[in-house]
Amino acid sequence: MKNLMSKIVSLCKRRGFIFPSSEIYGGFGSCYDFGPLGVEMKNNLKKAWWGEMIKNHENVVGLDAAILMNPKVWEASGHLAAGFADELAECKSCHKRFKADEVETRKCPDCEGELTQPRKFNLMMKTFVGPVEDEAAITYLRAETCQGIYMNFENVLNSMRMKIPFGICQIGKAFRNEITPKDFIYRIREFEQMEMQWFCHPKETDKYFDYWKKERLNWFLNLGMKKENLRTVEIPEKERAHYAKRQVDIEYKFPFGWREIEGVHNRGDWDLSNHSKYSGQDLRYYDEETKEKYFPHIVETSVGVERSLFAFLSDAYTEIKGGRTETTKATKEIEILLKLDKRLAPIKVAILPLVRNKPELVKKAEEVYQLLKPHFVCQYDELGSIGRRYRRQDEIATVFCLTCDFQTLEDDTLTVRYRDTMKQERVKIKDLPTHIKKLMCGVYQKF
Ligand code: GAP
């Protein structure tokens with residue numbers, strides 16, 4: 001299983017998905033950069049989530065709040081207190097810190113030095129705003145995006161004339177000074193969250209909790225994640241986040257074991273009542289019909305972009321011993337196929353001239369590339385044998401390979417090959433934009 005992990009990490013680097021940050025300086029504390037294919041996939045993932053929240057649900061609106069906020073936000077939210085901290089033991093010799101529940105003895109796993117008693121280390125990242133570096137100028141990089149949503153609860157309510165129940169969703173960066181970041185992009189210090197906060201009447205919290213839990217699980221399944229690699233886990237009280245009255249984690253079976261990819265939380269009135277108390281602003285909701293005034297309860301769904309992207313990559317990674325080609329003898333090589341859902345695949349269409357030493361074919365393929373480029377993320381590739389080029393595209397999940405061959409010069413048709421089945425059909429070049437759009441949105445189930 002560890003082996004599978006290193007194969008995925010290697011594919012990500014080799015094919016331009018994910019690179020270590022500031023690599024020429026030896027990298028930087030568990031930060032990663034997304035390369036040309038990684039950023040396409042990341043954008044597709046965010047688009048799939050945003051579309052799900054905004055288009056597939058009633059009464060959910062979007063927001064994009066600032067990362068930097070008044071530090072009082074973090075006092076009120078409880079993130080500056082002991083609840084948002086890791087319990088760590090420090091080595092008295094090398095001063096490395098370890099999560100208390102991950103070291104079995106009082107000895108440093110690295111140098112065998114003596115470990116201190118565990119102490120709490122807060123995960124908030126401090127920064128300074130303005131020209132003076134003093135206590136008054138301290139604020140924090142947000143540790144969860146949802147606090148920006150609570151800050152705008154009233155603004156959204158009033159400007160959009162929303163009525164309870166309704167949701168606000170947001171995608172954005174979050175930062176945590178994780179002391180033991182690990183497992184590639186699973187636990188990192190700078191990451192993105194996709195969070196939705198559902199404001200409802202306290203009596204309806206349980207109903208909506210179950211509703212959103214189911215919706216979120218279905219989102220992964222609808223995007224092609226294998227059912228057997230997903231599960232939900234009810235988190236017992238003593239392990240829950242400090243704000244959660246109830247917490248269900250959606251877990252994925254990574255190469256290194258079952259791990260959380262999304263949390264569904266019943267936050268009760270923790271956030272709105274605390275922000276009311278700390279700010280002096282009454283954030284209760286007034287129901288015109290029932291004349292009732294109350295703090296709405298919050299059901300939150302919170303998923304990490306990088307973590308879920310990693311889960312989708314792991315799920316899609318497939319190795320085929322001896323290759324899939326049936327027309328020629330099996331090569332004994334291992335072929336890699338990345339079976340990502342077509343909505344998540346970074347490249348939708350590859351355009352390939354059958355050979356590159358025939359100028360008319362190359363010219364045709366370039367024309368097809370220009371024709372399709374405004375509609376889809378495309379790649380043009382003429383290097384190497386056609387079989388090798390198909391394999392290169394399969395490895396990065398490209399959905400369709402279009403090949404211009406000698407018949408193309410006679411009748412202006414080319415072959416469209418589908419990644420997962422390798423089935424092919426001939427299509428007229430002029431019909432390609434509409435044809436591929438229909439294939440992409442499932443109007444045609446040809447393959
Ligand atoms: N607002 C609730 C909240 O932040 P969380 O369980 O702490 O809840 C939610 O985080 C999700 O954010 C996680 O399920 C995970 O996908 C992602 N996440 C949290 N910390 C992360 C980290 N250090 N690296 C990558 N993703 C992280």
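Just so it is clear, the structure is predicted and the values come from calculations on it, not from any experiment. Worth knowing before you read on, the calculation uses all heavy atoms, side chains too, and leaves out hydrogens, waters and symmetry mates. Atoms within a ligand are numbered from 1 in the order they appear, just like the ligands themselves.
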Need the ligand 1 atom indices (1-based, order shown) with element for anything under 4.0 Å from a heavy-atom of [X].
X: R267; result: 1 (N), 2 (C)
X: E195; result: 1 (N), 2 (C), 3 (C), 4 (O)
X: E262; result: 14 (O)
X: C146; result: 1 (N)
X: R187; result: 23 (N), 24 (N)
X: I261; result: 14 (O), 15 (C), 16 (O)

Minimum-distance protein heavy atom relative to [atom]:
atom: atom 18 (N) of ligand 1; value: F191 CE1, 3.6 Å
atom: atom 9 (C) of ligand 1; value: S302 OG, 3.0 Å
atom: atom 8 (O) of ligand 1; value: Y243 OH, 3.3 Å
atom: atom 25 (C) of ligand 1; value: Y186 O, 3.2 Å
atom: atom 26 (N) of ligand 1; value: R307 NE, 3.5 Å
atom: atom 14 (O) of ligand 1; value: E260 OE2, 2.5 Å
atom: atom 24 (N) of ligand 1; value: I188 N, 3.0 Å

* Asked: Is any side-chain heavy atom of F19 closer than 4.5 Å to a side-chain heavy atom of C12?
  -> no

Tell me whether [X] has any N or O atom under 3.5 angstrom from an N or O of ligand 1.
X: Q193; value: yes
X: A143; value: no
X: E144; value: yes
X: G304; value: yes

Validate the cation-pi geometry between [X] and [Y]: distance from NZ or CZ to the six-membered ring centre under 6.0 Å, angle to the ring axis within 45°.
X: K72; Y: Y278; value: no
X: R417; Y: Y390; value: yes
X: R267; Y: Y243; value: yes

* Asked: Between K293 and D282, is the closest basic N to carboxylate O distance under 4.0 Å?
  -> yes

* Using a strict cut-off of less than 4.0 Å between a Lys/Arg side-chain nitrogen and an Asp/Glu carboxylate oxygen, indicate whether R388 and D381 qualify as a salt bridge. => no

* Is the closest heavy-atom distance from E306 to ligand 1 below 4.0 Å? -> no

* To do: Report yes or no: does H265 have a heavy atom closer than 4.0 Å to ligand 1?
  => yes

* **Proximal candidate to atom 4 (O) of ligand 1 [heavy atom criterion; set E300, M194, R176]** => R176

* To do: Would you please classify the geometry between the Y285 ring and the Y294 ring as parallel, tilted or perpendicular, with 30° and 60° separating the classes?
  => perpendicular

* **Nearest-0.5 Å distance, CZ of residue R15 to CG of residue L37** => 7.0 Å

* **Donor-acceptor pair between E195 and Q170 side chains, under 3.5 angstrom** => no

* To do: Would you please say whether a donor-acceptor pair under 3.5 Å links the side chains of E154 and N152?
  => no

* All ring-ring contact (aromatic ring centres under 6.0 Å, His included) counterparts of Y186, not counting sequence neighbours -> F254, F256

* **Check against salt bridge (Lys or Arg N to Asp or Glu O under 4.0 Å), E335 and K321** => CA-CA 6 Å; E335 250 177 59; K321 284 205 181 87; over 6 Å; no

